[in-house]
Colleague: 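After the structure tokens below, expect a handful of questions from me.
Proteins get letters first, then strands, A, B, ... in listed order; numbering begins at 1 in each. This is a predicted model, so every value here is computed, not measured.
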Amino acid sequence: MTQVTLSGLTKIFDEKSPPAVDQLNLEIESGKLTALLGPSGCGKTTTMKMIAGLLRPTSGDITFNGESILSIPPEDRGAVMVFQNYLLFPYMTIAENIGFGLKMRKVDRKEIRTRVTDMLDLVQLPGFEDRKPRQLSGGQQQRIALARALIVQPNVLLLDEPLSNLDAHLRDEMRELIRRIQTEMAITTVFVTHDQEEAVVLADRIALLFDGRLQQFDVPDAFFESPQSVEIAKFFGGTNFIPGHYEGGEITTAIGRFRAPRSAVDGGDAVLSIRPEAVTLGSDGGNSVMGRIRSHVYVGRYARFRVALGDIEVEAITDPAQVKLFNDGDEVPVRFDSNKIWVIGPASSQP
Amino acid sequence: MKWPEPVSRTRRLSRTSLSEKAAQRLTIALLLTPAILVILLLFMGGLITGFLRSLGYFPLIGLNDFNFAAYTTIFTDNGFIRSFILTFHIAFTSTLIASILAVASAMLLRPAFRGKRFVQFIFSLNLTIPHLVGAVGVLYLFSGSGLVSRLATGAGLIDSPAGFPAMVNDPWAIGIIIQYVWKEIPFIGVIVLAILLSVGEDYESVARSLGANRWQAFRNVTLPLIMPGVVSASVIVFAFTFGAFEIPWLLGSTFPKALPVLAFESYTDVDLAARPQAMAMAMVIAVMSSLMILAYMKVSRRYVRS
């Protein structure tokens with residue numbers, strides 16, 4: 001069990017450009033799955049490579065269980081990285097690939113063979129010992145890459161985009177496999193992804209990075225229910241942002257006043273945010289205003305409406321049956337459930 | 001404006017008739033003919049003539065019988081055997097040293113650093129310098145009266161230039177090997193560097209992260225990945241150094257001589273009867289080079305497949 005702490009971690013590749021990773025502070029819980037999430041170029045892979053020892057930080061510190069590991073070379077850190085493109089050694093058999101780490105530690109051949117067999121069972125590819133990497137599918141190669149990392153019993157497992165190269169059904173399988181192994185072996189696991197869905201379904205906690213800076217470090221649902229900035233909400237699929245003034249649990253906007261007990265700010269200029277799924281059409285009562293339906297799309301599992309509320313347009317995702325109830329141009333009451341409204345500070349005050 | 005109807009690939013293929021394909025092939029054959037003619041006439045013609053003469057068939061000077069006398073003579077001649085061993089030693093040693101140093105230089109040149117382009121330019125500069133110029137350089141530097149010898153004398157390392165170890169025209173062919181190593185390092189190095197850059201450093205990162213130290217990662221991961229390229233380049237260098245004439249002629253010892261020198265001298269001998277032997281030696285060189293090229297093709301095919 002290893003607790004990884006990043007403090008003030010910074011990486012500057014080029015003096016002329018902004019830091020790739022900027023003053024990153026993060027407590028990665030022991031035995032948990034943590035996602036480093038962000039758009040490409042946000043510094044997440046750089047952070048992972050620094051933990052693995054493959055890149056040297058410009059400043060800041062990384063500790064495992066409280067002890068700095070910066071002076072420890074990558075081979076002695078026990079932080080094993082599984083790359084996005086698997087990188088199985090092409091000229092080695094599957095058994096040689098998996099046994100690589102043990103061979104480097106000069107483990108006895110016989111023991112390597114037994115442990116390789118165990119690992120192949122674990123990743124559900126028994127009997128693959130003598131095949132070559134090029135004979136395997138992408139999904140199988142990834143399992144082998146995972147087995148090759150797990151065989152050395154790492155303190156920290158680092159996964160680079162573990163699901164992004166896989167087809168939809170393989171993603172589910174792989175996600176379950178990673179989850180199961182991670183829980184069984186209780187390895188502190190960090191994975192990097194640009195896909196918020198991948199992060200949400202897999203991680204215990206998500207660290208969201210934009211431009212090398214930590215935006216929010218939280219449990220997955222918090223990014224939907226209480227994002228700390230408009231940018232974060234947008235990254236997680238939020239679409240409805242209405243500027244206003246927040247005071248005493250109510251936000252006053254150009255289209256009306258709404259009760260909003262949940263907020264990230266105490267008062268002043270703020271933004272009302274509500275996820276499209278939380279906008280209900282056709283029901284009045286508290287927290288509702290009249291709107292006019294601009295357009296709609298029937299998607300099958302749901303329907304998506306665009307509704308004009310004065311000068312502001314909001315998006316509503318509803319039950320697909322609602323396409324039969326409303327036509328474009330109809331006047332409908334639009335309700336914002338007060339418990340689903342989340343008030344965020346104004347965009348300009350965000351870092 | 002009317003857009004031309006898009007032609008689907010399948011339709012285009014089905015329209016290509018057999019006769020069209022035959023015509024295409026004929027065009028390609030015609031285009032290649034001049035090159036093939038040159039190869040056939042000059043290269044194969046020369047090789048066949050040489051082979052016939054090595055078998056003692058040389059009507060011009062009244063030799064009309066086929067026999068293996070020339071081969072028997074050279075293979076029982078101690079001088080030829082020693083020449084063969086020397087030539088093999090030159091080719092093998094210079095290729096081995098050049099390959100090792102080339103891989104080391106390529107590893108040093110791989111990471112990004114300030115002034116890399118300039119260093120790389122200097123590194124590959126002597127690819128453009130002719131072997132002969134290199135040979136003259138070796139003479140100036142390493143001969144008994146050369147710069148190194150005089151500097152060593154000046155520094156008091158040796159009493160007089162005469163005390164300088166023979167490195168030119170010496171029986172160990174040190175001068176020849178120095179020249180070849182100097183000339184071939186950038187050749188192999190540039191190839192290896194290209195492979196290193198295309199393979200990238202991620203495989204090594206994986207190895208390091210799995211517990212390999214720097215040397216283990218190089219030995220177990222990087223080297224096997226670049227080895228096919230190293231071998232291919234080395235084989236070319238070996239075949240060249242085995243058959244090249246001018247450097248051993250300039251920098252070689254008087255006995256034993258390198259095979260190409262020996263063959264040339266037998267060929268230009270006033271005794272025309274030595275010609276079949278010269279041709280037999282040339283055939284031995286040709287066979288060695290061909291074997292090397294076969295090995296090269298085998299290795300490079302395997303490399304392409306993986």
Colleague: Work out which heavy atom in A/S30 is nearest to a heavy atom in A/T188; give both atom names and the distance.
Modeller: CA-OG1, 3.5 Å
Colleague: Closer than 4.0 angstrom, basic N to acidic O: yes or no for A/R113 and A/D108?
Modeller: no
Colleague: Which atoms of A/L54 come close to chain B, meaning under 4.5 Å heavy atom to heavy atom: side chain ones, backbone ones, both, or neither?
Modeller: side chain
Colleague: Can you list everything that forms a side chain to side chain donor-acceptor pair (under 3.5 Å) with A/R205? Sequence neighbours excluded, please.
Modeller: none
Colleague: If I measure from the heavy atoms of chain B, does A/V80 come under 4.5 Å with its side chain, its backbone, both, or neither?
Modeller: both
Colleague: Is the B/F238-B/F88 ring centre distance short of 6.0 angstrom?
Modeller: yes
Colleague: Is there a donor-acceptor pair closer than 3.5 Å between any side-chain N or O of B/K116 and the backbone N or O of B/R110?
Modeller: yes
Colleague: Checking the side chain of A/D211 only, and the main-chain atoms of A/C42 only, is there a donor and an acceptor separated by less than 3.5 Å?
Modeller: no
Colleague: If I measure from the heavy atoms of chain A, does B/A217 come under 4.5 Å with its side chain, its backbone, both, or neither?
Modeller: neither
Colleague: Below 4.5 Å from any heavy atom of chain B, which atoms of A/K132 appear? Answer side chain, backbone, both or neither.
Modeller: neither
Colleague: Within 45° of the axis and under 6.0 Å from the centre of the six-membered ring of A/F89, does NZ or CZ of A/R148 qualify?
Modeller: yes
Colleague: Does the distance from a Lys or Arg side-chain N to an Asp or Glu carboxylate O, for A/E111 and A/R105, drop under 4.0 Å?
Modeller: no
Colleague: Side chain, backbone, both or neither: which part of A/L102 has an atom under 4.5 Å from a heavy atom of chain B?
Modeller: neither
Colleague: So which bits of residues 281-295 of chain B come within less than 4.5 Å of chain A, counting non-hydrogen atoms only?
Modeller: none
